[in-house]
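Structure, as structure tokens:
For ligands, and for the atoms within them, numbers begin at 1 and follow the listed sequence. None of these values were measured; they are calculated from a predicted model.
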Amino acid sequence: MILKKSVSVFGVTGSIGASTVDILKAHADKYSVEAVTAHRNVHALAKVARELGAKCAVIGDPTCFEDLRDALEGSNIEASAGENALIEAAERPSDIVIAAIVGAAGLKPTLAAIRRGARVGLANKETLVCAGPLMTAEVRKHNATLIPVDSEHSAIFQVLEEREEDRIDRILLTASGGPFREWPLADMRSVTRAQALAHPNWEMGAKISIDSATMMNKGLELIEAWHLFPVAEEQIEIVVHPQSVVHSMVEYSDGSVLAQLGSPDMRTPIAYALSWPDRIRVDAPRLDFATIGSLNFQSPDTERFPALRLARQALQEGGTLPTVLNGANEVAVAAFLKDQIGFLEIANTVEKMMSKIGSEKLTSLDQVFESDAMVRRETMDCLASV
Ligand code: NAD
Ligand code: MG
């Protein structure tokens, strides 16, 4: 008999959540489910909790508690709600936690999982952007394991051999370039919500789809990569690769470049975070190289995509500046999704807030939470005043 690994999935109703559920169902002989969580979608949460036989289900919004309890009636699944319940769910003894909440809202539960030494499959890149040095220090202190789920970082993780760490020359982070890769700046002014949500290669949640369209996603990933891998900021290069087949590459000191390739299907990196150091079968579409024919690469355009420049600046200056970048971006993206600001205003707003608020030395997690809350208030005020 194989001993099953237990898994908790945070943000189970989202895009990464759904792909994780797909793998857990296909490999029910290998994984059992401890906790599943969602923000407000009670019915989707209750359904998936029943399907997976989870021990507990947590809804982030406390006003949804009774609905969740009703939806789980007749099952043995424990129901709870609210921010503290999310943290308690992360403290439950599961071997693996898939962190797939969107935004800085995922930070507290992810830290709780890290503090009990769990393996965390990290999709929620905003947490590393906001609190990277403190979060990786907690990982070391509690002997936790952080496995990247983001496809680019999973690619790097897969081709990076520990014994070769001091022989890395460059990390080449690939970017699809999003739906506006070839659009002139003048046309980008009038981009609609629907156009920005329509990613050419990946099906994802709304926030990361907009981040991909502004290329802030690659900016966040640059910061994420710096926290995850032992390289200097200037060793991480962004390369636009429209097909999203090469998920990223590592160049070593002898000139060898190792890449990980695959179809754009998040189940592959999620499965790796679950099964590492082993591999499990995933029925993702296989690459047909003769049909693909050619793969293209180009330099990113930081004029049309200033988010790339802003993220690099945040990484270089450090301190709380990445927290500011992230918080301002979350608020600006939410405003764009409500048609309150134009597409180019997203990066403009982030830039304004970065220069207005500036950076402080990063000393504690409480400071991250305060700084994140303050940036959100300031950004909302700034958007309300225009
Ligand atoms: P999504 O919007 O589809 O899902 C987000 C999930 O988080 C949902 O289950 C939602 O209920 C939950 N959630 C949202 N706000 C919450 C809150 N305040 N408190 C508690 N729960 C909350 O997002 P997604 O596309 O699945 O992305 C999730 C994370 O993974 C993001 O950080 C994203 O950048 C990262 N990521 C996603 C993809 C992808 O293909 N979708 C790829 C790489 C990385
Ligand atoms: Mg990615």
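Heavy atoms of Glu126 approach ligand 1 to within less than 4.0 angstrom. Residue Asn124 places a heavy atom less than 4.0 Å from ligand 1. Assignment of Ala123 to the shell around ligand 1 is supported, since a heavy atom sits closer than 4.0 Å.
Comparing heavy-atom distances from atom 29 (C) of ligand 1 across Val149, Ile101, Ile208 singles out Ile101 as nearest.
Scanning all protein heavy atoms for the shortest distance to atom 11 (O) of ligand 1 gives His39 N, 2.8 Å. Of all protein heavy atoms, the one lying nearest to atom 4 (O) of ligand 1 is Gly14 CA, 3.1 Å. Looking only at protein heavy atoms, the nearest one to atom 43 (C) of ligand 1 is Asp150 OD1, 3.0 Å. Among protein heavy atoms, the minimum distance from atom 28 (C) of ligand 1 is reached at Ala100 O, 3.4 Å. Nearest non-hydrogen protein atom to atom 34 (O) of ligand 1 is Lys125 CE, 3.2 Å. In terms of protein heavy-atom proximity, atom 27 (O) of ligand 1 is nearest to Ile16 CG1, 4.2 Å. Of the protein's non-hydrogen atoms, Val102 CG1, 3.7 Å is the one closest to atom 14 (C) of ligand 1.
Note: Phe180 and Phe343 have perpendicular aromatic rings, judged against thresholds of 30 and 60 degrees for the angle between ring planes.
Remark: side-chain polar atoms of Asp61 are not paired, donor with acceptor, to backbone N or O of His39 under 3.5 angstrom. Distance alone, capped at 3.5 Å, places no donor-acceptor pair between the His153 side chain and the Glu224 backbone.
Residue-level proximity to ligand 1 for Ser15 is carried by backbone and side chain together, each with a heavy atom below 4.0 angstrom.
Residue Ala38 approaches ligand 1 through these ligand atoms, each under 4.0 Å from one of its heavy atoms: 11 (O).
Looking at ligand 1, you'll find an N or O of Thr13 within less than 3.5 Å of one of its N or O atoms.
With Leu122 as the partner, the side chain to side chain contact (heavy atoms under 4.5 Å, CB included) test is satisfied by one option alone out of Leu128, Val97, Asp150: Leu128.
Remark: at the Mg ion (ligand 2), atom OE1 from Glu152 and atom OD1 from Asp150 enclose 100°, rounded to the nearest 10 degrees.
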